[in-house]
Every structure is written in structure tokens, then in C-alpha cells.
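The residues of the chain are indexed from 1 along the displayed sequence.
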Amino acid sequence: MTRHEPVTARPPAAVRRDARQKVTGEARYAVDRTPPGCLHACPVPATVARGRITAVHSDEILRRPGVHAVLTHENAPRLGDADDPTLALLQEDRVPHRGWLVAVVVADTPENARAAADALRIDYAPSEHDVRLSADHPRLYTPEKANGGHPAVRERGDFDTAFAASPVRVDATYTLDALHNHPMEPHAATAWWDDDGLTVYDSSQGATTVRDVLARLFRLPPQKVTVVSAYVGGGFGSKGTPRPPAVLAAMAARHTGRPVRLALPRRQLPATVGHRAPTIQRVRIGAAADGTIAALAHDVVTQTSTVKEFVEQAAVPARTMYTSPHSRTTHRVVALDVPTPSWMRAPGEASGMYALEAAMDELADAVGVDPVELRLRNEPDTEPDSGKPFSSRGLAACLRDGARRFRWADRDPRPGVRRDGDVLSGTGVAAATYPVLLSPSRASAHAGPDGRFVVRVDATDIGTGARTVLAQIAADALGAPLDSVGVELGSSRLPDAPVAGGSSGTASWGWAVHKACAALRASLAADPGRPLPPEGVTVEADTDEEARRPSPYARHAFGAHFAEVRVDTVTGEVRVSRLLGVYAVGRVLNARTARSQFIGGMTMGLGMALTEHSTMDLVFGDFREQDLASYHVPVCADVPDIEAHWLDEHDPHLNPMGSKGIGEIGIVGTAAAIANAVHHACGVRLRALPLTPDRLLPLLTAGASTS
């Protein structure tokens with residue numbers, strides 16, 4: 001039986017194993033690799049929104065001192081089939097969007113490479129372009145599936161009839177601008193060729209995947225490609241799939257016969273490494289007078305590129321969250337002349353739950369029910385979409401514990417009444433969910449004659465503490481002291497492992513590590529008196545069968561977010577004074593790293609709510625915000641009081657560790673909680689994120705209730 005109890009005391013958590021290396025500079029990242037004779041490359045982005053290349057004036061650049069090569073579609077190595085068309089670089093003269101990489105300059109120093117790339121003249125034959133997303137775009141279509149393999153459309157019951165018959169109805173449209181990943185470490189790769197094949201040090205969330213893709217592109221057997229991603233300075237999804245630096249560095253290294261290092265300038269990230277697509281989301285809820293939901297529809301309009309279809313699965317969370325006998329969830333998409341969207345922390349859930357939880361707040365207002373109580377009244381007995389029982393569902397416990405910690409009962413429910421001079425204050429709540437995902441993984445466990453153990457797996461630690469947690473899992477399974485266990489990860493020469501993404505890394509890698517270590521422990525116990533051979537004993541394991549076995553349960557993590565805000569009625573500025581998150585995520589394996597992940601996600605959600613957005617220039621076809629001076633991520637001063645807590649949740653239907661993913665759920669409900677708090681503070685509801693002063697102030701001035 002699943003238990004959900006507040007955690008009041010926790011044993012000390014293991015200290016991060018890579019802490020000293022990171023603060024002293026010993027940790028080596030992709031751009032820290034400079035082999036002898038290394039050259040430096042800089043990509044050249046297209047300056048038209050759509051068209052064809054008619055001429056590249058490489059001869060002018062090749063005469064510059066220090067320049068070794070200019071690669072274009074005319075002379076670049078021919079690539080094999082790319083499952084991901086965004087990696088089919090320098091293969092043709094077509095320009096599908098502004099910022100598409102059309103050339104690479106290779107020089108003796110980074111400075112010479114950048115200067116030459118900036119000076120390269122390219123002639124284009126531009127074509128008319130379309131970069132405007134609208135809810136009535138004539139080329140909108142319904143895809144077969146959304147990201148994650150989810151059906152684009154799901155229907156249960158008769159939504160239209162049930163909605164029309166409901167005594168209380170909410171019908172609102174919420175918009176979210178494009179959002180971009182801006183990890184501290186740039187996307188970078190260092191590559192070289194030798195008799196053993198291709199070696200690439202890559203800033204990636206999964207070396208195994210990058211190896212396999214490079215092997216196909218360069219027509220090599222996988223064993224002839226080595227990819228190392230030992231330390232990665234943040235990715236947040238943008239490094240979850242192979243990106244252009246690895247491909248271009250390998251191409252340039254093959255062309256020049258020397259090692260090549262390539263780091264993308266930050267201004268090139270918005271057009272090159274994916275982004276969270278903008279969405280237009282219409283949410284309709286039909287309910288009884290007491291707030292019990294009878295009908296729920298979530299219709300999403302979004303965009304993709306003409307290069308590759310990517311559909312943000314923003315309506316999927318509505319299939320899981322609340323009682324809804326009659327439901328319709330849909331996705332429609334239009335292919336525009338824009339960069340290809342991709343993963344950004346909690347794709348689908350982050351944007352979809354903002355709209356759903358804002359609509360739930362509007363429903364609470366409409367029926368006069370406390371927002372926490374409204375969510376509790378709509379708790380489903382089974383997962384609405386599949387009918388499966390939940391392996392565990394801690395949402396109600398998170399809401400109750402969060403309300404207690406936040407002192408929610410002291411809240412005056414009336415909007416716009418808490419004033420201190422020109423400043424209004426308010427509080428808001430939102431729920432969060434994220435699916436339990438699992439991928440097949442391999443791992444090996446080695447026992448040495450000196451009594452030490454080594455676990456090997458091609459996991460990638462992107463700052464989440466994977467090195468530390470995997471050592472803990474291994475030590476538990478071996479019944480050995482933690483300091484006797486070493487961990488090797490981040491190289492495709494190690495046992496294959498999936499990417500660090502989808503909040504599935506620890507569960508996927510950890511299960512394989514646990515299985516290998518349990519088998520090693522059993523092997524050693526079978527002959528306890530026999531000394532180990534000089535080379536030790538190694539056991540390998542994989543979780544192909546376990547990961548592919550369908551579960552009879554609906555498995556999700558849940559959480560509740562509470563926010564307090566202060567709104568300046570003169571400037572329109574919103575400040576968050578308190579953020580609280582409470583989570584039900586199975587067994588938390590390390591309190592230090594878990595709290596870091598939760599708080600990091602909540603901080604990212606604050607940026608989503610108040611400061612982060614990328615606006616499309618309709619004339620030039622590119623995103624205006626291309627650096628950290630214009631794309632505003634939150635800083636420490638923006639989060640004065642932030643707390644993360646979790647419940648003691650025992651779920652026996654997950655994995656041997658009893659854990660759920662924690663990397664993404666922290667962002668999921670934060671933006672909605674802040675938006676709901678802003679409405680409570682000032683009595684006006686802005687249905688477009690981010691809640692910037694220029695958007696909010698006119699509503700405050702006019703006293704409007706909607707926008």
C-alpha cells in the first residue's frame with residue numbers, strides 16, 4: 001500500500017562526488033580539450049529567413065592569415081542518412097530559416113575563426129517567408145502524434161453536450177511565447193580522426209546516442225566512434241539530442257586532417273539547438289455548482305519548422321490530472337519558416353500545466369471554492385485517460401502539506417485587497433505532474449582484490465549529481481561502504497545508456513546498476529572463502545526486458561506549488577516574495593541533489609512566469625533575444641525565499657530503488673502558481689506569459705479583468 005507522509009527528519013545525504021572538481025576547475029568540459037595541433041571552427045548562420053545560396057565567397061576568407069578552410073555545401077564531406085534532418089548540415093543550398101548554419105570557417109585561433117566567419121560573404125536568392133503563429137493559420141493540421149509518442153487527439157465521452165449542459169463554464173485561451181535554453185556551458189565539441197576512427201568530446205546529455213548518430217552520418221561501425229561527455233554544464237533538454245557542434249567539428253576534422261574544436265557563440269543558440277515552441281491553448285471546463293468537473297477540453301495550437309516535425313505535447317497532462325468523464329484533448333501544428341523546436345525542461349507538462357492550472361484557478365473563482373479544495377474535489381480514482389490504477393498518487397497529500405507549510409488557511413480569498421501603499425500582494429497555488437519514464441540501460445559492476453568496487457555506465461551527469469546517486473545505489477545493492485565504490489560514466493566506451501532526459505536518468509541507469517551489483521554480490525557470496533583473481537570479477541547487466549515490460553499502473557510524480565507575489569501598481573513590476581514546492585516522487589535517494597533539482601526547476605518556472613521569452617521578428621524571421629542581456633533568466637535576487645519539500649512516498653511499482661524522476665517536476669506548476677498569485681494580488685488576469693510590466697500595467701490602469 002502506498003504511503004504519503006511528510007518527511008520531518010532526514011539522514012545526512014552523501015556529498016556530491018564532483019563538487020571539488022567543479023569548484024577547482026579540475027572538471028574538464030568539451031571545450032577544455034585542445035589536442036596538439038588543434039584548430040578552431042566557427043559556424044556561419046544564414047542571414048535570410050528562407051531561400052537559396054547562390055554564391056559563397058570563400059576565396060576572400062582563405063587569403064586571411066591563419067584560416068585553414070571554409071566548409072560549405074560545395075565542399076563539405078557528404079553525410080549518410082540522418083534520422084534528424086537538423087543534422088543534415090552543409091549538404092545543399094537550401095536555407096529553411098534564418099540562422100540555419102550554411103558554412104564553417106576553420107582557423108588557427110578562436111579569434112581568427114570568429115573574425116573570418118563574420119567576414120564571409122554569402123549571396124542568397126531569398127523567398128517569401130512565414131513565421132507568424134496564429135490560432136486560425138490556414139496551414140494548421142492535426143499530426144498523428146505529439147512529442148513522446150502521444151496521440152495528438154484523445155476523446156472520452158461527449159464533451160460538447162456535457163460542456164453545454166454544465167451550470168458553470170470556463171472558456172479561456174492562454175498564450176506562451178517561445179522559450180530558449182541558455183545553459184552556462186556553450187554547446188561545443190572537439191573532434192579528431194585517427195586509425196581507431198572518430199573521437200568526439202561533446203557537450204551532450206547522452207554520449208551513447210551521439211555515438212550512434214555520428215556512426216550513421218559518417219558511415220562507420222559504432223565501435224569506431226568514441227564520444228565523451230564526462231562533464232556537462234547544463235543542458236535542460238537542449239543537449240538531449242545530438243546537435244550541430246559534434247557533426248560540424250567531425251566534418252571539419254576530416255576535411256583538415258587535424259583536431260578541431262567548435263563552440264557555438266551564444267547568439268547562435270536560439271536558431272540552432274531547439275527551443276520550447278510558442279503555444280496558443282484554449283481550455284474549457286464544465287462543472288457542477290460545487291466545482292466538480294464534468295467536461296474538460298484542452299486544445300493546443302503550436303508551430304514546428306519545415307525541417308522536422310516537433311509537436312509540443314501540451315494537452316497531455318489534462319489527460320491525467322482531474323476527474324473528467326467527458327474529455328477532449330487535441331494538438332494542431334503549422335510548419336513555419338522558423339528554427340525547429342525541441343525539448344526544454346518538462347516539455348508538454350511545463351506549458352500545458354500553466355494553461356490547465358490557470359483555468360482551474362478561474363473555475364475556483366467562478367464557483368467560489370478555495371483553489372486547494374477545488375483540486376481535492378476533482379481527484380480521480382484511476383487515471384482518466386487510460387483507466388489504469390495509479391501506482392501512487394500523492395497530489396492530495398502534497399496540496400495539504402503545502403497548504404499547511406504555506407499557511408494557506410490565513411489567506412483572504414478576495415482579490416485585490418492586500419495593499420501596502422502602491423504594492424498589492426497575493427498568493428496562488430497550482431498542481432504539478434510528470435510521468436515516470438524508463439529506458440533500457442546497461443551497466444557493469446567490478447570487484448577488485450583490494451576490496452574496492454567500480455561501476456561503469458555511459459550515464460551523463462549534467463549537474464544533477466548522477467555520480468553521487470549511482471554510487472549510493474551501487475553501495476546499497478552491494479552491501480558495501482559508499483567510499484569503497486567508484487563510478488565511471490560519460491563515455492561511449494562504457495556500457496550503453498540512455499540520455500539524461502525525461503527525468504528518467506536515475507531510474508534507467510540506476511536499475512541497471514542495481515541489477516549488476518546485486519548479481520555481483522550474489523556471485524561473491526556463492527564462494528565467500530575464495531580469493532578474487534588478480535583481475536577481479538566483473539558482472540554485466542541490462543534492463544531491456546524490464547524497461548520494455550508494460551506496466552498495469554499509471555505511474556506519475558506529483559507536486560503542489562504555492563507562490564506569494566507583490567505587484568507594484570505604478571510600474572507593473574511583479575516580485576515573488578515566497579515560493580514553496582511539495583513533491584511526491586517516490587523514494588528520494590539523496591536529499592542534497594534532490595533539493596537542488598527541485599529549487600532549480602522552480603527558479604526556471606519563475607523565469608517562465610515573469611521574465612523569459614523570445615519574440616519573433618516578423619520581417620527578418622529570427623528571434624530578437626539572442627543573449628543573456630536581452631533574454632532575462634532569473635538571478636538569486638529574484639528568489640528571496642524558496643523552499644522544496646517532499647513526502648515519504650513508498651511506491652512498490654517503480655524500480656528497485658522506489659524512485660521517480662525529480663529533474664523536471666519543479667518547473668511544471670510554478671508559472672501557474674505565480675500567475676494565479678498575480679490575479680489574487682490585483683484582481684486582473686493576464687493570460688499570456690511572461691507577466692512583464694508592459695503587459696500587466698495597462699490592465700492595472702484600466703482595471704480590466706481579462707486580456
(request) Answer with yes or no whether the side chains of Thr304 and Glu309 bring together a donor and an acceptor at under 3.5 Å. (result) no
(request) Would you check if there is a donor-acceptor pair between the side chains of Asn181 and Trp343 at a distance under 3.5 Å? (result) no
(request) Go through the structure and list residues passing side-chain contact (heavy atoms from CB on, under 4.5 Å) with Leu618, not counting sequence neighbours. (result) Val131, Arg132, Met616
(request) Would you please test Asp84 and Val213 for side-chain contact (heavy atoms from CB on, under 4.5 Å) and show each step? (result) CA-CA 9 Å; Asp84 183 350; Val213 169; over 6 Å; no
(message) When you compare the side chains of Asp361 and His680, does any donor N or O come within less than 3.5 Å of an acceptor on the partner?
(response) no
(message) For the backbone of Pro347 and the side chain of Gln313, can you confirm whether one donor and one acceptor N or O come within less than 3.5 Å of each other?
(response) yes
(message) Regarding Arg276 and Ser238, do their side chains bring together a donor and an acceptor under 3.5 Å, going by distance alone?
(response) no
(message) Given 3.5 Å as the limit, does a donor-acceptor pair link the side chain of Gln303 with the main chain of Ala277, or not?
(response) no
(request) Determine whether the side chains of Tyr583 and Gln597 contain a donor N or O and an acceptor N or O closer than 3.5 Å. (result) no
(message) I'd like to know if the side chain of Ser659 reaches the main chain of Asn655, judged simply by a donor and an acceptor atom lying under 3.5 Å from each other, with no hydrogens or angles considered.
(response) no
(request) Using the ring pair (Phe, Tyr, Trp, His ring centres under 6.0 Å) rule, pick out the option among His180, His182, His613 that qualifies with Phe623. (result) His180
(request) State the CG-OG distance between Asp385 and Ser327, to the nearest 0.5 angstrom. (result) 7.5 Å
(request) Side-chain contact test, heavy atoms from C-beta onward, threshold under 4.5 Å: evaluate it for His326 versus Glu155 and give yes or no. (result) no
(message) Do Arg555 and Phe390 form a cation-pi contact, if we require the NZ or CZ to be under 6.0 Å from the six-membered ring centre and within 45 degrees of the ring's axis?
(response) no
(message) Looking only at side-chain N and O atoms, does Glu612 offer a donor or acceptor that is under 3.5 Å from a partner on Tyr631?
(response) yes
(message) Which heavy atom of Gly428 sits nearest to which heavy atom of Ala677, and what is that distance?
(response) N-CB, 3.3 Å
(request) Output yes when Glu649 and Arg393 qualify as a salt bridge under the 4.0 Å nitrogen-oxygen rule, no when they do not. (result) no
(request) Apply side-chain contact (heavy atoms from CB on, under 4.5 Å) to Leu264 and Leu269, showing your working. (result) CA-CA 7 Å; Leu264 284 182; Leu269 299 190; 4.0 Å; yes
(message) Once ring pair (Phe, Tyr, Trp, His ring centres under 6.0 Å) is applied, do any residues pair with Tyr434, and if so which ones, sequence neighbours excluded?
(response) none
(request) Could you pull out all residues at least two apart from Pro85 that satisfy side-chain contact (heavy atoms from CB on, under 4.5 Å)? (result) Val307, Lys308
(message) Check this for me: does any side-chain nitrogen of one of Arg98 and Asp617 sit under 4.0 Å from a carboxylate oxygen of the other?
(response) no
(message) Going by the rule side-chain hydrogen bond (donor to acceptor under 3.5 Å, both in side chains), which residues pair with His97 if we only count those two or more places apart in sequence or in a different chain?
(response) none
(message) Strictly below 4.0 Å, N to O, side chains only: are Arg377 and Asp290 in salt-bridge contact?
(response) no
(message) If I take atom CZ from residue Phe310 and atom NE2 from residue His275, how far apart are they, to the nearest 0.5 angstrom?
(response) 9.5 Å
(message) If we count only N and O atoms by modelled type, under 3.5 Å, do the side chains of Thr302 and Glu312 hold a donor and an acceptor together?
(response) no
(request) Count the heavy atoms belonging to other residues, nucleotides or ligands that lie under 6.0 Å from CG of Asp694, then report whether that count exceeds 12. (result) yes
(message) Is a donor from one side chain sitting under 3.5 angstrom from an acceptor on the other, for His679 and Arg685?
(response) yes
(message) So, using side-chain contact (heavy atoms from CB on, under 4.5 Å) as the criterion, who are the partners of Arg284 when residues are at least two apart?
(response) Phe159, Phe163, Asp171, Arg282, Ala297, Asp299, Arg328
(request) For Arg332 and Thr142, test the side chains for any donor-to-acceptor distance below 3.5 angstrom and give the result as yes or no. (result) no
(request) Please check if the side chain of Ser166 supplies one atom and the backbone of Val168 the other of a donor-acceptor pair under 3.5 Å. (result) no
(request) Give a yes or no on this: more than 12 heavy atoms of other residues, nucleotides or ligands lie within 6.0 Å of atom CZ of Phe620. (result) no
(message) Under a 3.5 Å cutoff, is there a donor and acceptor pairing between the side chains of Thr615 and Glu625?
(response) yes
(message) Just to verify, what does Arg50 make a side-chain contact (heavy atoms from CB on, under 4.5 Å) with, not counting sequence neighbours?
(response) Ser127, His129, Asp337
(request) Would you check if there is a donor-acceptor pair between the side chains of Lys239 and Ser204 at a distance under 3.5 Å? (result) no
(message) Tell me whether Arg578 forms a cation-pi arrangement with Phe562, defined as NZ or CZ under 6.0 Å from the six-membered ring centre and within 45 degrees of its axis.
(response) no
(request) Decide side-chain contact (heavy atoms from CB on, under 4.5 Å) for His632 and Leu610; before the verdict, give the C-alpha distance in whole Å, the side-chain angles of both, and the deciding distance to 0.1 Å. (result) CA-CA 9 Å; His632 298 148; Leu610 299 183; over 6 Å; no
